[in-house]
Amino acid sequence: MTMTQATEQKHEIIANGEATAIMPTGGKQKPITVIGTEAIRNTFDDLCLQQAINSRQAPGVTDLVLNPDAHCGYGAPVGCVMVSPSHVYPGPVGVDIKCSMSLLQTSLPADAVDDKKVRRALIKAICDRTPTGAGRGQRNVPKSRHVDEALGKRVLVEGASRGVCEELGIPAEWANHCEDASHVGHNDSTGSLALRLEKLLPNMYKFADKMSQLGSYGGGNHFGECEVVQVGEDKRSREAAEVFGLVDGGVAFLSHCGSRGIGHQLATGQFKALQNKFEQWDIPLPGQDKQLVYAPLGTAEANAYLDDMALGANFATVNHMLINALVLEAFQEVIPGTTGQLVYFISHNIARKEIVDNRPAWVHRKGATRAFPGGHHALKGTPFAKTGHPILLPGNPQAGSAVMVADEGAALSCYSVNHGAGRQLGRKAAKRALDQAEVDRSFDETDILTNCRSYPIDEAPAAYKDFDEVLHSVKSAGLASEVARLKARFVIKDGDKADD
DNA sequence: ATGTGC
């Protein structure tokens, strides 16, 4: 797609307080819901808007929401929610299937990590067990935790099942603190997922190597971060924090990672397969965009996509669970007696079957986080039925990150909020505009240690939007409220590593 | 995001 095509598309804006709507002209459809003020809306470039309009007008789509952090993505913008009762779309899930956040609350008080030597020892112990970087997999992990091809297949098919958790030394009760502990594919059966995997295996590139990536972060914006929890002083924050297991003034660990090489392989395999079908059958693409291929529910193509998405999602889930188990072990090695509890695990790149407007639909969240408030029917029987589930919103190490909880107003955004601060500088622009020495000095001044000799400059806090502004737009749109702020004490990133 | 080039 070209920018010329993008600017040719006409649309009108319907303003409605903090939330606005974009109506593609000539259509009778429900407009695109935009969360964010006019100032936020003005940050969307033409291609991002064109992707939103293409997605809105694509077959079977009934709702499209753009979040304040929206920017160009693969077919659909990153920072959008796309709802369809009849079709599945791989683009609006993305290449990193089930990229997610997780938060582990430890029993340690904040002053346990004051000493720089202790923090350096923790960084080493954590990096020994949970490496960063593309292509990097397990190292220094005991044989009992090594994921070979056979265990990898179970992980892909079962997700964080009781059996898989036992094999890997993951506390089984953590599965109750997952958005979805296991994904079952197109017909709700692990049997059909196993069959799909057997069909795929002969053409899988380095399958065993990909399985051995379980328990690793990867690169880019993925990270692990040691935090001090600051619970809000209001009654609702205190009550929610208690249900979530958050300890005010305690040490916690926040992780951001996804399905690594296997998720990428499954996603790109699906794009290629569907693009070939569209070409072969000469079907028009939404907005002539090859990245917006889709499959109608009930077809062999949709079944294959839903199965592959489930396989990738299961890997991502167990990846996060294992990282949390290994990080807890690292804490125990450095500070004996430390205990830990998973607060929550929640994705921002996944399609889920939910009830929208009283009928089942696939809700594709692409760089968007599910936000069910207390009393939502889908939370019945979970620990979060009354409060709403925890929303983990990464900001940046210096401004902090947030734990939020949804409000009734989240219905406006198909029960979703943004998935982070969003970039304000592209990677190239950040490298041009920011000074490495100054970025490193800012970490020294705020007493935040890292595993890198120099912090990756395109990931510097200044490359991201002002986090308080972002939180303000979520709160003022009535989507969610802040429960706690997380303040970083050290960061694990893929970069110029001090231990290599 | 990624077997960081199929």
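Every chain is numbered from 1, with letters handed out A, B, ... down the list of sequences. Predicted model only: the values in this text are computed from it and were never measured. The figures that follow rest on heavy atoms only: side chains count, while hydrogens, waters and symmetry mates do not.
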### Task
Check side-chain hydrogen bond (donor to acceptor under 3.5 Å, both in side chains) between A:Lys465 and all other residues, then give those that pass, not counting sequence neighbours.
none
### Query
Within this structure, what is the CG-to-P distance between A:Asn276 and B:dC6, rounded to whole angstrom?
16 Å
### Query
Got a sec, which residues hit side chain to side chain contact (heavy atoms under 4.5 Å, CB included) with A:Arg352, two or more places apart in sequence or on another chain?
A:Glu179, A:Asp180, A:Ile350, A:Glu354, A:Arg365, A:Arg370, A:Phe372
### Query
Below 4.0 angstrom, N of the basic side chain to O of the carboxylate: do A:Lys493 and A:Glu225 qualify?
no
### Query
A:Tyr74 OH to B:dT2 P: how many Å, rounded?
16 Å
### Query
Looking at residues at least two apart in the chain, or sitting in another chain, which of them share a salt bridge (charged side-chain N to carboxylate O under 4.0 Å, His left out) with A:Asp468?
A:Arg485
### Task
Quick one: list whatever passes ring pair (Phe, Tyr, Trp, His ring centres under 6.0 Å) with A:His256, sequence neighbours left out.
A:His222, A:Phe223, A:His348
### Query
Rounded to the Å, how far apart are A:Lys98 NZ and B:dT2 P?
17 Å
### Summary
A:Arg427 atom CZ is separated from B:dT2 atom P, nearest whole Å, by 11 Å
Side-chain donor-acceptor pairs of residues 264-271 of chain A under 3.5 Å, sequence neighbours excluded:
| unit_1 | atom_1 | unit_2 | atom_2 | d |
| --- | --- | --- | --- | --- |
| A:Thr268 | OG1 | A:His264 | O | 2.8 |
| A:Thr268 | OG1 | A:Gln265 | O | 3.3 |
| A:Gln270 | NE2 | A:Ala304 | O | 3.4 |
| A:Gln270 | NE2 | A:Asp308 | OD2 | 2.8 |

### Task
Taking only heavy atoms on the protein side, list every residue of residues 257-275 of chain A lying under 4.0 Å from any atom of DNA chain B, sorted numerically.
A:Arg260, A:Gly261, A:His264
### Spacing of A:Lys431 atom NZ relative to B:dT4 atom C1', expressed in whole Å
11 Å
### Rounded distance (Å) that lies between atom C1' of B:dT4 and atom NZ of A:Lys210
13 Å
### Query
To the nearest angstrom, how far is A:His256 atom NE2 from B:dT2 atom C1'?
14 Å
### Query
Starting at the 5' end of DNA chain B and moving along, which residue's nearest nucleotide shows up first, A:Val95 or A:Asp494?
A:Val95
